[in-house]
Structures are given as structure tokens and as C-alpha cells.
Amino acid sequence: MRKALGVTLAKCFAKNPKHHLFCGDIGFGVFDALRVERPNQFHNFGISEQHMVSYAAAFSSALNATSMVYTINPFITSRVHDQLRVDVAYSKSPLIVCSVGAGFAYDSLGFTHYGIEDLALLHVLPNMRIYTPCDAQDVADLTDKFFADEVVPAPCYLRLQKGGERKLFADFPDFTHHGSYKYWPGTDVEIITHGAITEEALEARKALQGQASVAVRSVIDWHAYLSEDVSPMLDKVLFLEENRLVGSLANSILAAAIQKKQKLPIVEIKCVTEAEFNTTVLRPSALKVNGLDRQSIEQTIKEMIQ
Amino acid sequence: MALTLFRFQMYDSIARQTRLNIIKTARSVGSVHFGGSFSVTEILVAYYAPVIAKKLSFKDFIDRNTLVLSKGHCGLAVYALLNAIGIVPDEKLATYCKDGGAFMGHIKRDPSLGIGWSTGSLGHGLSISMGLAGALRFAGKSGRVTCILGDGEMHEGSNWEALLHLSHDDKFPLTIILDNNKFLSLGATQDIRPIEPIEAKIKDFSIQCASVDGHNVEALRQIIDKMEAVNQAFFINANTLKGKGISFTEGVTEWHAKRASEQDLQRMEAELKAGVA
């Protein structure tokens with residue numbers, strides 16, 4: 001995902017010198033094209049995330065042109081939350097807040113680097129639009145969209161996994177793109193998910209062929225999706241999210257359904273539940289423990305259709 | 001000499017009226033941040049001196065100058081001064097902290113008043129000011145950003161992140177003024193977390209810095225004018241007195257944001273009118 005970001009930013013920034021990237025000393029090799037070709041639009045702020053966010057918020061507001069801040073997930077979400085709240089969200093700064101390391105992407109680095117509370121922290125902020133791409137193609141499309149015009153109408157949060165993700169659009173091509181989400185059809189159970197965990201859902205869907213017809217809905221643009229009629233299409237729904245339940249997409253969708261007095265489906269929610277991490281946890285193990293790996297998803301769906 | 005005396009009287013009159021406006025507002029809302037608002041008053045008079053001295057219209061002034069009051073809890077002092085110089089009408093100032101009023105307890109961004117950002121959460125203003133000044137520099141526009149910090153606020157780590165940045169690159173059209181009133185909310189800064197010697201610390205960052213009496217408008221303005229002529233950021237350590245202007249609030253911790261009685265307010269007004277402190 002991050003390579004797609006770097007390539008697309010270089011292309012977009014070449015069209016408009018008012019767009020800038022502020023990064024917290026990460027992205028070795030990711031932004032080479034931008035650094036070499038557009039050094040005036042690339043700013044390495046070192047390890048000073050609070051300063052970087054406030055500076056970038058004011059800079060982009062004063063220029064009235066979209067810019068981006070980028071670093072590892074918790075350091076651009078929880079560490080700088082007050083700056084995001086005051087200087088970005090309430091101030092409606094035209095800034096893309098981009099994190100890398102969603103969920104357990106930085107698994108071996110330990111819990112300090114996990115991105116599992118970010119959505120709760122960002123989604124609670126007013127004016128902030130959340131984007132959760134499921135593969136590199138989504139990242140390229142979203143980046144193009146953010147910088148298509150000189151200024152975005154609202155601050156955005158772009159949540160990247162890391163690098164090396166599969167090209168889901170190529171490996172699982174039977175989807176339709178609905179703008180705010182991608183949809184792989186099915187008739188028995190609907191999985192609603194977002195981000196890189198979509199791959200696990202699609203693998204489970206594939207493995208269950210002949211036993212269950214599973215639909216997968218991967219939400220990319222939360223603001224647009226939640227502004228639409230978000231009622232699930234099927235009456236059995238499994239939410240899969242590589243983040244905490246508080247602030248999750250499941251919470252938002254179910255709250256909207258309750259407010260609209262819609263009939264609620266039968267729901268299973270799988271998300272991150274651990275309260276502490278005392279040993280190294282690699283992502284496959286973390287997914288398994290939380291019922292988010294493909295085998296656990298298969299098992300959950302079998303139980304749901306019985 | 002006569003001109004200097006005239007200017008002094010003019011500045012003194014605006015400072016006095018600013019404090020009277022703060023007191024008048026306190027009467028209608030109860031508690032305000034007396035200590036920091038009184039200490040920053042002459043700094044604000046010096047900042048707006050070109051308007052007060054009628055060298056520039058207010059519109060021309062704010063076209064060239066943006067204020068970020070990083071110690072946003074003292075926003076009342078800005079509104080009170082803008083009322084004293086005829087920019088903010090009485091009826092608008094009277095809405096301060098009132099339900100539906102235009103002015104909140106912490107200052108809000110207002111381009112029509114030249115106020116560059118909403119503040120209140122301490123430790124944001126310097127980075128914000130650098131971002132605004134950085135945008136001016138990038139766009140090749142003239143103009144300047146002035147950031148007013150509080151000494152207690154210097155405890156915030158984000159300020160030191162910003163100062164490290166300035167240490168590396170100080171080519172910003174930026175004036176930083178520290179309202180160094182030497183008090184936090186609960187006591188003396190020196191007793192809680194000392195920041196001194198602040199001038200030496202700033203100079204150690206290779207940032208231009210000078211100390212000045214923060215209640216001497218002429219001295220403040222001179223140093224602002226002198227250092228603005230050089231196209232880079234500079235830091236003024238303005239030594240002030242918390243609660244300045246009223247004998248019983250000067251340097252008294254509890255007047256940080258104490259709810260004043262009607263008797264207190266009357267004493268404050270009487271002292272200011274008599275020119276006691």
C-alpha cells in the first residue's frame with residue numbers, strides 16, 4: 001500500500017506545487033521519487049509528530065491546498081490526538097492524515113506499534129472522514145481522489161496497512177465497486193469488513209464455496225458509506241475488523257440501524273479484544289486469537305448458517 | 001521628546017482602558033483570567049502600536065500581520081484591547097462567554113480581526129505560527145506572524161519540538177513573544193518547573209533572542225521593529241508581572257483566574273482610574 005502511495009503522490013504533486021508531504025522520518029524508499037523530483041514538497045520533520053501535525057494543519061489552511069502528514073499509526077493518531085482534534089478536525093484543515101501500520105501490521109515490533117485504537121480516536125472527531133483501503137489499488141485511487149482538486153472539502157484519515165499486500169482486485173475479480181465499498185456477492189452470510197483483513201474474508205469465502213454462499217463488503221469510504229442506507233443486504237452478518245470494537249464500523253452501522261428502527265440482522269462481531277500483550281505476537285497468531293484468520297472466519301460462518 | 005510623551009500617554013491610555021474592559025467583562029461573566037490578561041496587556045499594545053499610533057489602518061495592519069495568541073485563555077485581553085481602539089463594538093464585547101456570544105473564553109480564529117488560529121490547548125500556537133509563516137514564505141507573500149506564548153506553556157514538549165525546527169531553519173517571518181509573567185496557575189514557575197534562564201536556552205538553539213521589560217511598550221515596539229527588519233524568526237523574552245496594574249493582583253497566585261467580588265472589581269477600577277499601581 002505504501003509504495004502505491006509514494007508513486008501516486010509523486011504523480012499528483014507534479015501537477016500542483018501547493019501539495020506537500022510532511023513525514024515523521026519514515027518511508028525509506030517509499031517516497032524516493034518525490035524526494036528527488038520534488039524536494040520542496042517533501043518535508044521530513046524528524047521525530048516531532050505534535051509539531052508536524054500543527055505545522056501542517058496551519059500550512060495547508062493558509063495555502064488553502066491539500067497536504068498530507070504521514071507516519072506510523074499510533075504516532076499520528078493517539079500521540080497527537082489533541083493536535084488532530086483542535087488543529088485539524090475542528091479547524092477543518094485540508095489535511096490528509098495518513099497512517100501506516102493498521103492493526104497488527106507491525107506485529108513483531110510490539111504493542112507500541114499496533115494500530116488498533118486509531119479508528120476509535122479518529123472516527124470520534126468531527127469533520128474527519130475515514131478511508132480504509134483494502135489493497136494498493138484502493139490506495140492509488142484514493143490518493144488520486146484526494147489531490148484531484150487543489151483542496152479537499154474536509155480533513156481525511158487514510159489508514160494504510162504496510163507493504164506487500166495482495167492485489168485483491170486481481171486475485172478476487174468478481175466484485176463490483178460501489179464507490180464507498182467493494183462488494184463480492186453471496187446469499188447466505190454477509191461479511192462486512194475493511195482494510196487488509198478483507199483478504200482473510202475473501203479467502204474464507206473461497207474456501208467455503210459449495211458449503212455456504214458468502215458475500216463480502218469491504219468499506220473504503222466510511223463517511224460516504226454511513227451517509228447512505230447502510231442496512232446489510234442479508235439477515236446474517238459477520239463483522240471483521242482489525243481494530244477495537246469501540247469506534248468500529250460495526251458500532252456505527254448497528255447504531256445507524258437502531259436509530260432508523262431497521263430490523264437488525266443476526267450479528268457476529270470479530271475484532272481485537274486483548275487487553276495486554278506480554279509476548280511477541282505475529283499477525284497470523286493475533287488474527288487467530290481474535291477470530292480474524294480465514295480458518296476462524298470459516299468456522300464462524302459455518303456456525304452462523306447452522 | 002513631546003512626540004514620545006504623547007505616544008507614551010496614548011499607549012498608557014489604551015493599556016488602562018484594556019484593563020478596565022477586562023474588569024467590566026469580569027463583572028458580567030464572573031471569573032476571567034485576570035493575571036495573564038493583565039500581564040500581556042502592554043505586549044498587545046506594542047503589537048497593535050502601528051494602529052494605535054495611526055500609522056496603519058486596522059485593515060492594512062491585519063493584511064500584513066497575523067496574531068496567534070498561544071496562551072489562548074487570555075483572549076479577553078485581545079478583545080478588550082480591540083474594543084479600546086474602536087475595532088470591537090461594546091455590544092460584541094459584552095457577549096464574551098455569554099450563551100450564543102461571538103467570543104469564547106479561549107480565543108477563536110477570526111480573519112476579520114487578524115486572529116490566525118483558535119487556541120486554548122497550550123503548546124499548539126508556536127507550531128501553528130510556524131506553519132502559517134511557512135505558508136507565507138512558500139507562497140512568496142509579504143506579511144508576518146506573531147505568536148504570544150506564556151511561560152507556563154513552555155513546559156509543553158511540542159514547543160521544544162518547534163524550537164528545534166527553528167534552530168535548524170529560522171528563515172520564517174515570525175515574531176515570538178514570551179509573556180514571561182513567572183507564574184503558573186498554582187504558584188511560581190520557578191518553584192514548580194523552572195524555565196529560566198530562558199533567554200540563554202533560546203540562544204543555545206541558535207535562535208535570535210532578546211529580553212525586554214514586557215510592560216514598556218516603547219521598548220517592546222523598538223525591538224519588534226528592529227528585529228522585523230531582519231527576515232528571520234526571533235524570540236522576545238518579555239519580562240512581565242502577573243496581574244500587572246492592580247496593587248493586590250500583582251504577583252499574587254490566586255488571581256490567575258479568581259472570581260472577583262463586586263468590591264474587588266470596584267477597587268480595581270478605582271486603582272486604574274487613579275493610576276495607583
Side-chain angles (χ1 to χ4, degrees), chain A residues 13 16-25 38-69 71 75-76 79-95 97 125-127 150-151 155, chain B residues 66-68 70 72-73 104 106-111 114-147 149 153 155-169 171-174 205 233:
Chain A
F13 281 23
N16 189 337
K18 289 172 84 175
H19 300 313
H20 292 251
L21 175 68
F22 301 89
C23 104
D25 198 43
R38 307 259 151 208
N40 293 338
Q41 290 169 264
F42 176 86
H43 310 273
N44 186 351
F45 264 57
I47 319 298
S48 56
E49 294 88 357
Q50 296 174 86
H51 171 54
M52 177 173 76
V53 169
S54 294
Y55 183 104
F59 185 92
S60 58
S61 290
L63 286 183
N64 198 28
T66 307
S67 281
M68 176 181 279
V69 286
T71 194
F75 313 138
I76 199 72
R79 186 184 186 96
V80 296
H81 197 256
D82 195 41
Q83 279 76 12
L84 293 176
R85 175 177 177 269
V86 175
D87 301 331
V88 180
Y90 276 102
S91 297
K92 296 182 186 172
S93 297
L95 196 61
V97 178
L125 296 176
N127 307 315
E150 186 156 290
V151 61
Chain B
T66 300
L67 176 66
V68 176
S70 194
H73 55 286
M104 303 180 201
H106 289 76
I107 201 163
K108 188 170 178 293
R109 176 163 59 182
D110 187 340
I115 297 164
W117 209 259
S118 301
T119 54
S121 188
L122 296 172
H124 290 219
L126 181 52
S127 300
I128 289 293
S129 300
M130 287 178 66
L132 296 175
L136 284 174
R137 178 174 72 173
F138 173 79
K141 288 184 180 173
S142 60
R144 195 157 188 98
V145 180
T146 295
C147 174
L149 298 164
E153 187 184 8
H155 293 167
E156 297 282 8
S158 50
N159 279 327
W160 297 94
E161 292 180 3
L163 289 168
L164 271 174
H165 184 172
L166 274 180
S167 174
H168 173 67
D169 171 13
K171 298 288 185 288
F172 287 88
L174 173 65
F205 276 65

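Order of the sequence lines fixes the chain letters, A, B, ..., with proteins taken first and strands second; residue numbering starts at 1 for each chain.
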Check: Is the closest side-chain heavy-atom distance between B:Glu156 and A:Gln50 below 4.5 Å?
Finding: no

Next item on the list: Starting at CG of A:Leu63, measure out to NZ of B:Lys141 and round the result to the nearest 0.5 Å.
Entry: 7.5 Å

Margin query: So for atom NZ, which belongs to A:Lys18, do other residues, nucleotides or ligands contribute more than 12 heavy atoms lying within a distance under 6.0 Å?
Written below: yes

Check: Closest approach of A:Ser91 and B:Arg109, non-hydrogen atoms and distance?
Finding: O-NH2, 2.9 Å

Margin query: Show the nearest heavy-atom pair for residues B:Ser118 and A:Val86, with the distance to one decimal.
Written below: O-CG1, 4.1 Å

Check: Under a 4.5 Å heavy-atom cut-off, does chain B meet the side chain of A:Ser67, its backbone, both or neither?
Finding: neither

Next item on the list: Starting at CG of B:Leu132, measure out to CZ of A:Phe59 and round the result to the nearest 0.5 Å.
Entry: 10.5 Å

Check: Just wondering, do B:His165 and A:Ser48 contact through their side chains at under 4.5 Å, heavy atoms?
Finding: no

Check: From B:Glu161 CD over to A:Glu49 CD, what is the distance, rounded to the nearest 0.5 angstrom?
Finding: 7.0 Å

Item checked: Nearest non-hydrogen partners of A:Ser93 and B:Trp117, listed with the distance -> OG-CH2, 3.7 Å

Notebook entry, point to check: Heavy-atom count around A:Arg79 CZ within 6.0 Å, excluding the residue itself: above 12?
Noted result: no

Check: Can you tell me if CZ on A:Arg85 sees more than 12 non-hydrogen neighbours from other groups inside 6.0 Å?
Finding: no

Item checked: Proximity breakdown for A:Ser61 and chain B, heavy-atom pairs closer than 4.5 Å -> side chain

Check: Checking A:Tyr90 against chain B: side chain, backbone, both or neither under 4.5 Å from a heavy atom?
Finding: neither

